[in-house]
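Shown next, in structure tokens, is the structure this report addresses.
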Amino acid sequence: MDLLGGFDLALQPVYLLYGLIGALVGTAIGVLPGLGKTTTIALLIPLTYQLGDPLGAFILFGGVFYGAAYGGSTAAILVNAPGEADAVVATLDGHQLVKRGRAGAALMTAAIGSFLAGTVGTLALVFLAEPMVALALAIGPVEFFAVLLLGLSLVAMLGGHPLKAMFSMALGLALGTAGIDLNSGQTRFTFGIPELFEGLDFVVIAVGLFAVSEVFVSMSGIRGGTVTTPAVVGKIRMSRNEWRHSWPAWTRGTLTGFVAGILPGAGNTVSTFLAYGVEKTFARPAVPFGRGAIEGLAGPEAANNAASSASLAPLLFLGIPGSAATAVMLAGLQGHGLPTGPLLLQQRPDLVWGLLAALLIANALLLVINLPMVAIWVRMLKVPPALLYPLVLAICVIGVYGMNSRIFDLWVMLIFGLVGLAFRISDIPIAPLVLALILSPMLETQAGRALTISKGDWGTFFTSPAAIVLYLLTLGVLLLPALLGPSRARREARHAEASNSQSPAPRS
Amino acid sequence: MTDDPGAEAVLASAERASGEAPARVSRWFLLVFPPAVAAVYVWQVYALPVMHHEPIISPRAWPTGVAIALCAGAVAVSLGVVLRRWGTAPGPPASGIESRRDLWMAIGGLIVFIVLVDSLGYVLAAFLLITGLTMLVAPKFWLRNVVTAAVFALISSVLFSGLLDVRLPQGIIPLPWS
């Protein structure tokens, strides 16, 4: 059996229906912060046992897997509320595009970029699975540490004042050390609070820093009329210029995401930050990054979906889950009594090829669902701010509480909402904190593994040629802004001046 | 925006006035918060117990490196504010706080919600939160505010509690789906 045989299976009406349900549920879940695709897939597992059809179950999971990525980006773009780590980058330029009156274009470039990258990524998975798996197996803790370090260096690319960004990043690294140390089992920085033993939850902090602080700032400006319904400038759909700027970003993002996606654990999130860095280095945006550059959204969105496809390779061909969501999918497979690892393709090729075909179909379905939805989402922005922001706050509350059913999480969300508010007033960038919070435990774990394998020899970090290349790239990323800085600053200032003179006055 | 030049002037003066307070808050925040956070972190790293059989990577190793980075960042930011150098001193606030009253009411509303949600239950607490905040900024549309709050609280409760099996606080009103 091959991919065509897979299409024969996946195009049966019942499987199309499963794909559609999965895509819709995934999109809805993605829009709400907190619940996430991992929990949703876990919730659906018992339901699939009742269906008694493993392929149907897998197709349902695939739909949720891709749909949640679409939905998460939608919430990040429209209301600055990223529900998952992968959607944080979408807030940087995506939400700024909304404020510039280009909500429709932002949602379109995210949807089309995700579709293209997901399709190319899944097709590449079919043809490049073997070398990809070999590459994934060759990546040791030293190389992984080097990749994560490269991801961390991209903080310099995220914009804002460099010293403030450095402080924000260091604070994120510090917050990431709270909880039980995986190397020794000792608790750290928990202040005797049991809820902190598992560490600070990324979603709780991100919702507080981004969404709750946004609600606080906006609530203060509604009566005075400074916070108004964002105007739609021009057509809802993408302009010719936006298409022209999006194409190269989608292509670069797909490549970056696919390569980064095979990294277990960090693939999707790191890929979005890497793609943002790539765009900031190579793109010539019509608008400066951080102020609504469409490349700053198109590249990372494509990278996210390409990375999602790539992360399925170790799951399908080795039985090794690369992320929490794929780990739950693996548990679902095992629950259906299916073999995992290389035996899966040998014994149940119908399942593997059927799933890959179903993923391509689910991806197309998501585009078909989401493009008409753009107009509806944009219309949602016309809800008066006096209603919109209290509802966003209520959605944050229910999303955060729903994760662990703990009041404690709501207090943490409130505290980080206040920190986010102070950061906004003081012009300290928030994104470096969030990126560092995600990377900190990973960096420590990989460094620990590398040193354990080498029995404490620190020289191990410089024994791998691939790692050395990655260190040099990291150095390049750190030095590049200093080298390109003056000419880039002049160019961005010119663009800012031009775009400010063109931007419309807000409607009151 | 308005076409009346007089009103524009009043608005501009209000904006200037409202910008001064956040600038002051920002200055104090940049002076106090980074060193305070760094000091607490360093103290906590120092307070970590030494284990009898330290593993190859001690639980203090990574946090020590992080503490150095945090101290460097905190000192640079705060010193920049004191010396008015390196561009860290607060300029015009990045996010303007127009009405401090509304800001504090929004923060207070969330605090009251968190305190009461366990005893009142999600539906009632969410209804009160949304009604309170919408009435704060748009009191004229009281019927719209109340209806929206009630519909949202009920639908979100059915969706999360009834369909997604999320345990929401039930409180004083037992609901058939929770």
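Residue numbers start from 1 in every chain, and the chains themselves are labelled A, B, ... in the order their sequence lines are given, proteins ahead of strands.
- In plain terms, the two heavy atoms of A:Gln186 and B:Leu48 that are nearest each other are NE2-CD2, 3.8 Å.
- No side-chain donor-acceptor contact under 3.5 Å links A:Ser220 and B:Trp104.
- Under a cut-off of 6.0 angstrom, the local environment of CZ in A:Phe197 is crowded, with over 12 non-hydrogen atoms contributed by other residues, nucleotides or ligands.
- When every heavy atom of B:Asp102 is checked against every heavy atom of A:Met219, the shortest pair comes out as CB-O, 3.7 Å.
- Partners of B:Tyr41 under the ring pair (Phe, Tyr, Trp, His ring centres under 6.0 Å) rule, at least two apart in sequence or in another chain, are A:Phe189.
- How far CG of A:Leu163 is from CG of B:Leu79: 10.5 Å, rounded to the nearest 0.5 Å.
- Of the residues considered (A:Ala447, A:Pro390, A:Ser213), A:Pro390 shows the highest number of contacts with chain B, using heavy-atom pairs under 4.5 Å.
- For the atom pair B:Phe33 CZ and A:Ser426 OG, the distance stands at 9.5 Å (nearest 0.5 Å).
- Only the side chain of B:Leu110 comes within less than 4.5 Å of a heavy atom in chain A; its backbone stays farther off.
- Here A:Ala386 pairs with A:Ile222, B:Val137, B:Ala138, B:Arg144 under the side chain to side chain contact (heavy atoms under 4.5 Å, CB included) rule; sequence neighbours left out.
- Closest approach of B:Trp62 to A:Leu173, counting heavy atoms only: CZ2-CD2, 4.1 Å.
- Heavy atoms closer than 4.5 Å to chain A are found in the side chain of B:Phe113, but not in its backbone.
- The nearest pair of heavy atoms linking B:Pro59 to A:Arg188 is O-NH1, 2.8 Å.
- For the atom pair B:Ile130 CD1 and A:Tyr389 OH, the distance stands at 16.0 Å (nearest 0.5 Å).
- Proximity to chain A (any heavy atom under 4.5 Å) is shown, for B:Ala126, by neither the backbone nor the side chain.
- Taking CZ from B:Arg167 and OH from A:Tyr401, the interatomic distance works out to 7.0 Å, rounded to the nearest 0.5 Å.
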- Query: After noting the C-alpha distance and the side-chain angles of B:Tyr122 and A:Ile398, does the key distance pass the side-chain contact (heavy atoms from CB on, under 4.5 Å) rule?
  - Reply: CA-CA 9 Å; B:Tyr122 166 76; A:Ile398 195 168; 3.4 Å; yes

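- Distance OG1/A:Thr177 to CD/B:Gln44: 10.0 Å, rounded to 0.5 Å.
- The nearest pair of heavy atoms linking A:Ala394 to B:Phe152 is CB-CE2, 3.4 Å.
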